[in-house]
Amino acid sequence: MKLEGSCHCGAVHFSLESAHPYPFNLCYCSICRKTAGGGGFAINLGGEHDTLAVEGREHVAIYQARMVDEASGERSTSPAQRHFCRICGSALWVWDPRWPELVHPFASAIDTDLPVPPERTHLMLGSKASWVELQAGTDDKRFDAYPDESIAAWHRRLGLEDA
Ligand SMILES: [Zn+2]
Ligand SMILES: [Zn+2]
């Protein structure tokens, strides 16, 4: 499925091919919440990085999350590159050099109509803000950290891969 996306101000437009376009993966981690999740979570899709085409690339900035280990106090920087529009601040996509063939656009930046997922995965609930009440359907899966099932594996299990 071809996905088209853009930031709010229109300075950045992008497109990519995605075999995994269902917006089922709700991440409640503090990074997603602060940078992309006004409702307490952000939703990532899966796509193929070598199909990513960007117009207005000069307006795209990258944030790599700065993290502090709660136990040791040690500081680190996440290798994941969160791309956003430097003019309007819209979160656009995540690219991680550990999985260079993949790209993870935020569902919120996509203009193409996305399919409605039959069930959802709620992840990083251990980091959920206390004011966020989980809105989970009966078939939804819940994880305190990351699930073992990837975005691609979820689509395969439910027979929804757009091959
Ligand atoms: Zn913008
Ligand atoms: Zn997250």
Side-chain angles (χ1 to χ4, degrees), residues 1-8 14 16-49 52 62-72 76-85 89-163:
M1 179 174 183
K2 183 169 188 182
L3 302 180
E4 310 256 6
S6 61
C7 66
H8 190 262
F14 63 98
L16 72 157
E17 284 295 331
S18 170
H20 308 117
Y22 277 75
F24 75 94
N25 206 40
L26 283 60
C27 183
Y28 294 77
C29 84
S30 63
I31 309 166
C32 286
R33 180 170 68 248
K34 289 269 185 182
T35 63
F41 57 84
I43 305 178
N44 280 133
L45 311 174
E48 291 149 48
H49 187 249
L52 179 66
I62 293 172
Y63 174 60
Q64 290 176 254
R66 286 133 175 90
M67 300 182 294
V68 182
D69 186 88
E70 274 183 35
S72 67
S76 63
T77 300
S78 169
Q81 299 182 4
R82 292 170 174 267
H83 293 67
F84 64 97
C85 173
S90 295
L92 300 170
W93 66 84
V94 180
W95 179 76
D96 192 317
R98 292 170 291 185
W99 299 280
E101 70 281 10
L102 303 177
V103 64
H104 295 294
F106 289 100
S108 51
I110 299 298
D111 299 311
T112 306
D113 257 344
L114 295 172
V116 176
E119 61 170 67
R120 292 175 174 79
T121 295
H122 305 266
L123 63 140
M124 297 299 288
L125 289 171
S127 303
K128 181 178 75 60
S130 58
W131 52 266
V132 178
E133 289 193 348
L134 194 60
Q135 311 275 328
T138 47
D139 293 330
D140 287 10
K141 311 280 186 291
R142 305 160 187 226
F143 300 91
D144 277 343
Y146 281 102
D148 291 332
E149 188 177 57
S150 68
I151 289 177
W154 180 96
H155 283 76
R156 281 195 291 272
R157 172 168 61 83
L158 293 167
L160 298 173
E161 197 164 44
D162 188 35

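Nothing fancy with the numbering, it's 1 onward along the sequence. The analysis underlying the following values was restricted to heavy atoms, covering all of them including side chains, and did not include hydrogens, waters or symmetry mates.
Atoms CD1 and OG1, on Ile151 and Thr121 in that order, are 9.0 Å from each other to the nearest 0.5 Å. Summarising the geometry, atom CG belonging to Leu125 is positioned 8.0 Å from atom CZ belonging to Arg142; distances are rounded to the nearest 0.5 Å. Taking CG of Leu123 as the reference point, atom CZ of Phe143 lies at 8.5 Å (rounded to 0.5 Å). Here the CH2 atom belonging to Trp93 is positioned 15.0 Å from the CG atom belonging to Leu102, to the nearest 0.5 angstrom. From Leu134, atom CG reaches atom CZ of Arg120 across 11.5 Å, with rounding to the nearest 0.5 Å.
Residues satisfying the side chain to side chain contact (heavy atoms under 4.5 Å, CB included) test with Ser78, not counting sequence neighbours, are Ala65, Met67, Ala80. Residues satisfying the side chain to side chain contact (heavy atoms under 4.5 Å, CB included) criterion with Thr138, sequence neighbours excluded, are absent altogether. Residues meeting the side chain to side chain donor-acceptor pair (under 3.5 Å) test with Arg66, sequence neighbours left out: none. Glu119 is linked by a side chain to side chain contact (heavy atoms under 4.5 Å, CB included) to Asp139, Asp140, Lys141, Trp154, Arg157, Leu158, counting only residues two or more places apart in sequence or in another chain. Looking at residues two or more places apart in sequence or on another chain, you find no side chain to side chain contact (heavy atoms under 4.5 Å, CB included) involving Ser130. Partners of His49 according to the ring pair (Phe, Tyr, Trp, His ring centres under 6.0 Å) rule, which considers only residues two or more places apart in sequence or in another chain, are Trp95.
The minimum heavy-atom distance between Gly40 and Val132, with the atom names listed, is CA-CG2, 3.8 Å.
Residue pairs meeting the side chain to side chain donor-acceptor pair (under 3.5 Å) criterion with at least one member in residues 100-114, sequence neighbours excluded: Ser6-Asp111. Sorted by first and then second residue, the salt bridge (Lys or Arg N to Asp or Glu O under 4.0 Å) pairs involving residues 89-99 (not counting sequence neighbours) are Asp96-Arg98.
Side-chain contact between Val94 and His83: absent, with no pair of heavy atoms (C-beta onward) separated by less than 4.5 Å. Two residues are said to be in side-chain contact when any heavy atoms from C-beta on lie closer than 4.5 Å; Ile110 and Phe14 meet this criterion.
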Side-chain donor-acceptor pairs of residues 16-37 under 3.5 Å, sequence neighbours excluded:
unit_1: Ser18; atom_1: OG; unit_2: His20; atom_2: N; d: 3.0
unit_1: Ser18; atom_1: OG; unit_2: His20; atom_2: O; d: 3.4
unit_1: Ser18; atom_1: OG; unit_2: Gly46; atom_2: O; d: 2.5
unit_1: His20; atom_1: NE2; unit_2: Glu161; atom_2: OE2; d: 2.7
unit_1: Tyr28; atom_1: OH; unit_2: His122; atom_2: ND1; d: 2.9
unit_1: Arg33; atom_1: NH1; unit_2: Tyr28; atom_2: O; d: 3.3
unit_1: Arg33; atom_1: NH1; unit_2: Ser127; atom_2: O; d: 2.9
unit_1: Thr35; atom_1: OG1; unit_2: Ile31; atom_2: O; d: 2.7

